[in-house]
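Working notes, beginning with the structure itself.
Note that the numbering runs from 1 along the sequence shown for the chain.
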Amino acid sequence: MSDGTGNGEPTRTTCGRCAVGCGLQTTATSTDEPSETPPSIRVTGDPGHPVSRGRACRRGVEETAGSRSGADRIRRPLVRRNGDLTPVSWEVALDAVTTRLRPRLDTEPDRIGVFGSGQTTTEAAYLLGKTARGVIGTRNYDANTTLCMASAVTAYRGAFGADAPPPTYADIPRADTHVVWGANPAVSHPVLFSWIRESTADDGSELIVVDPVRTRTADGADRHVQLDPDTDIALARAVLATVVARGDVADEFVETHTTGFAALRDRLPDPETAAETAGVDPASVSHLADALTHPTLVSWGMGINQSVQGTAAARALIDLCLATGNLGPGTGPFSLTGQANSMGARLGASKGRLPGGAAFNDPSARQRVATAWEVPPARLPTDPGPGPVGLFESIAAGEVDTLWTVAANPAVGMPNTTPVRTALDDVFLVVQDAFRTPTVEYADVVLPAATWGETSGTLVSMDRTVSRVRPSCDPPGDARRDASIIAEVAGRIRPNSVDETVDPAALFAELAGLTAGTPVDCTHVTYARLASDGPVRWPRTAAVGFDRDDSPSQRSEYRYRDPDGGFTFPTADGSARFSTGRHRSPPEPPDDRFPLVLTTARRSDAYNTGVRSGGDGELLPVRVAPTTRNAFTDGIDEADRAAVVSRRGRVDARVVADDRVPSGVVWAPIHHPDTNVLTLDAVDPDSGEPAYKSCAVRLDRN
């Protein structure tokens, strides 16, 4: 078995499709095609990988195998000349980038924006953050991970004092009850969902799904609680109020390990009123309250995070776990991460926090990072910056005149994309990507990058497991690995600022050293250990893996749990903290002019912004209830063709009647390039995450 030598033997690596972190074996196959055509990759599940044990979803296999084919791969650097993107040498492309960036470093670093991704390796994400914060010194740096996980991150920090979920995959088979809230893992995380299904197949176990739409996950549930869009806090508070009224609070746990419960209890709403706000019957509230008296794992996804109340909603789910004592093996709050390395980016990309998790205004942390990076502390920004939406607003305002994107597609992925695309057209844009995305069409310089199966480093799964990724072949054409490109740009704009030899093991060791003694300590994770032991979790040191018969102390690595079974949290008093958030009306409720609610979600046959999977074709496919179609398509010539209109844009669409979508809701896939023309760019005030999941729309004559 190869460790990435590309010698025709299978290479052990990690899937980059989602954040489950399944092990794969990849083999580059020879080709008789011209040299410009790269060899294909044969992909299978890795039975020796302790996380997935040979399981792999169809999408992960097909997208890994197909990532090297097709005309959308970028094989040469490009520079815009006379309005057209023209192939050039690396020297010419990098000179163009250097000429643009270098004059701004000493006097106007904030004129430079950098936008990263959860799709790069941990090492590349760390190096990009080091370059943005330490070499350039800009505050205008963020990543597309903020668009999906920032509210969960902020909620974890608020409740526990640090980021990342307490449970691991080992806790899935130990849970009696699984509550999946605002997530569709049957589509988004098929392997993880198979574990949930196996866990809930036992007598006395059940799966409860909370979602406005009857999803594929809801099809497999014992009970589907169909709440109204953007009413998650109202329902969560109704459930907690019911728990309190019944006397089912875990008093000893709350007294010993938490703070703030009395303030929350005093602010709880009347459960019947809150249930009515959520559009949920009292029996469903009662059932959820009953379920939480058993060992329960509460999982959530973008349906919670992507809201102006995303942080408060995630905190409300954590509150349910704390109040019922559902913290410990087989229980707890577990956010389901979308992108393959969102967790790795959170660990060390210097986006929302400095490496190690400290705030940008923490003097000792600033000094520690500046010393390690050999930069003056004053160069580091004093705050994390304006967030992705704020970054593009800064471009529109003329405050940022240069943008460098890495493995990101903001022309499609940002909310309210019309002004975003205008900003991309106005700014000097450097795009580093493997694929010819819609964002590339706005670029002034394009730097061709490697993708899955072509690069070396690590990914960190949603349960904190660090796994190796290894190349089975080289990138096609002149494409280079992300970390190598980033290092060369950094070295050109500030000579000797980074090690341009780019050893992934050394980069990870540098990052790990900055986490020493922090709540995200991963100094026990080394490339040597990953080679000898396989995947390793942080922050503890046990080997990864689980069996249904293992005891929690052997495999669970439950975060914050003391050896004696108690808990210590990295907060000022060592206690977990309750929150007091209440339901608020959404920022754009339906009205007479826009009487419907648009919500967005994933499809099983598409990937993120649709680049790898080919998008959705010419028309945006939207799903509506038959009652909605009958009521709101009157006067439209062709019943299946209409325009979806929001306050921000108008998009031609194909309307499909689907009784799985509730009345009054329009469902659209996140992958289509037109979807975010419609969405709202209002953000959660605590996390900066946009409200993709709810905005007002109407259906018009096409």
Side-chain angles (χ1 to χ4, degrees), residues 175-186 193 196-197 199-200 204-249 264 268-301 303-304 307 309 312-324 326 331 333-334 336 581-583 585-586 597 599 601 625 627 659-665 667 693-694:
D176 285 352
T177 304
H178 287 269
V179 176
V180 177
W181 198 311
N184 188 12
F193 185 61
I196 294 174
R197 290 295 301 270
S199 173
T200 55
S205 298
E206 69 171 335
L207 169 60
I208 304 171
V209 171
V210 182
D211 200 295
V213 177
R214 194 169 82 246
T215 62
R216 192 177 299 177
T217 303
D219 286 342
D222 298 288
R223 190 181 190 102
H224 176 206
V225 180
Q226 198 165 13
L227 77 171
D228 291 341
D230 228 358
T231 60
D232 303 277
I233 296 176
L235 178 56
R237 292 314 194 204
V239 174
L240 183 53
T242 301
V243 168
V244 171
R246 292 178 176 178
D248 286 335
V249 173
L264 168 58
L268 288 174
D270 171 69
E272 291 187 5
T273 302
E276 185 177 355
T277 298
V280 172
D281 60 277
S284 293
V285 173
S286 179
H287 191 87
L288 281 164
D290 288 339
L292 288 162
T293 63
H294 303 283
T296 301
L297 201 63
V298 179
S299 305
W300 77 88
I304 289 291
S307 163
Q309 295 183 269
R315 290 290 301 269
L317 298 187
I318 295 172
D319 290 341
L320 284 174
C321 293
L322 294 177
T324 55
N326 274 297
T331 71
F334 196 4
L336 304 183
R582 289 180 168 179
H583 168 76
S585 296
V597 174
T599 194
T627 54
D659 63 6
R660 304 167 70 85
V661 178
S663 182
V665 172
W667 183 101
K693 291 295 181 181
S694 176

Requested in this report: Could you please spell out the steps behind the side-chain contact (heavy atoms from CB on, under 4.5 Å) verdict for F193 and L336?
Outcome: CA-CA 11 Å; F193 185 61; L336 304 183; over 6 Å; no
Query raised in the report: Given the rule in the side-chain contact (heavy atoms from CB on, under 4.5 Å) test, do L235 and V210 qualify, once you have shown the distances and angles that lead to the verdict?
Result: CA-CA 10 Å; L235 178 56; V210 182; 3.7 Å; yes
**Report entry** Step-by-step side-chain contact (heavy atoms from CB on, under 4.5 Å) determination, T331 to T296
**Finding:** CA-CA 5 Å; T331 71; T296 301; 5.7 Å; no
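Around atom CZ of R197, no more than 12 heavy atoms belonging to other residues, nucleotides or ligands sit under 6.0 Å away. Sparse packing is recorded around CD of E276, with 12 or fewer heavy atoms of other residues, nucleotides or ligands lying under 6.0 Å away.
No side-chain donor-acceptor contact under 3.5 Å links D222 to the backbone of I208. A donor-acceptor distance shorter than 3.5 angstrom exists from the side chain of N326 to the backbone of L292, with no hydrogens or angles considered. When atom types are taken as modelled, the side chain of Q226 and the backbone of G279 share no donor-acceptor pair closer than 3.5 angstrom. Listed for the T293 side chain is no donor-acceptor partner under 3.5 Å among the backbone atoms of A289. Side-chain atoms of D228 do not come within 3.5 Å of backbone N or O of T231 as any donor-acceptor pair. A donor-acceptor distance shorter than 3.5 angstrom exists from the side chain of T200 to the backbone of I196, with no hydrogens or angles considered. Looking only at distances, no side-chain donor or acceptor of R660 sits under 3.5 Å from a matching main-chain atom of V213. Under a 3.5 Å cut-off, the side chain of R237 and the backbone N or O of G581 do form a donor-acceptor pair.
Between A316 and A236, the shortest heavy-atom distance links the atoms CB-CB, 3.9 Å. Residues S205 and A175 share a closest heavy-atom pair of OG-O, 4.2 Å. Annotation for V285 and A238: closest pair CG1-O, 3.7 Å, computed over non-hydrogen atoms. The two residues A241 and L268 come nearest to each other via the heavy atoms CA-CD1, 3.9 Å. The minimum heavy-atom distance between L320 and V239, with the atom names listed, is CD2-CG1, 3.9 Å. Closest heavy-atom contact between V209 and A221: CG2-CB, 3.6 Å.
V665 places a side-chain heavy atom less than 4.5 Å from the side chain of P229. Contact of the R582 side chain with the P269 side chain is not registered, since no non-hydrogen atoms from C-beta on lie closer than 4.5 Å. Looking at heavy atoms from C-beta onward, H224 lies out of side-chain contact with T215 at the 4.5 angstrom threshold.
Interatomic distance, CG of L317 versus CD1 of I233, reported as 9.0 Å (0.5 Å rounding). For the atom pair CD1 (I304) and NZ (K693), the distance works out to 10.5 Å, reported to the nearest 0.5 Å.
The side-chain contact (heavy atoms from CB on, under 4.5 Å) test with T324 singles out one residue from D319, V243, L240, and that residue is V243.
By the side-chain hydrogen bond (donor to acceptor under 3.5 Å, both in side chains) test, S299 pairs with no residue at all, sequence neighbours left out. Here T242 pairs with nothing under the side-chain hydrogen bond (donor to acceptor under 3.5 Å, both in side chains) rule; sequence neighbours left out.
Ion pairing between D290 and R246 holds under the 4.0 Å rule for side-chain N and carboxylate O.
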Name the atoms and distances for all side-chain donor-acceptor pairs under 3.5 Å in residues 177-184, with sequence neighbours left out.
{"residue": "H178", "atom": "NE2", "partner": "I172", "partner atom": "O", "Å": "3.0"}
{"residue": "H178", "atom": "NE2", "partner": "S199", "partner atom": "OG", "Å": "3.1"}
{"residue": "W181", "atom": "NE1", "partner": "D232", "partner atom": "OD1", "Å": "2.9"}
{"residue": "N184", "atom": "OD1", "partner": "T217", "partner atom": "N", "Å": "3.1"}
{"residue": "N184", "atom": "OD1", "partner": "T217", "partner atom": "OG1", "Å": "2.5"}

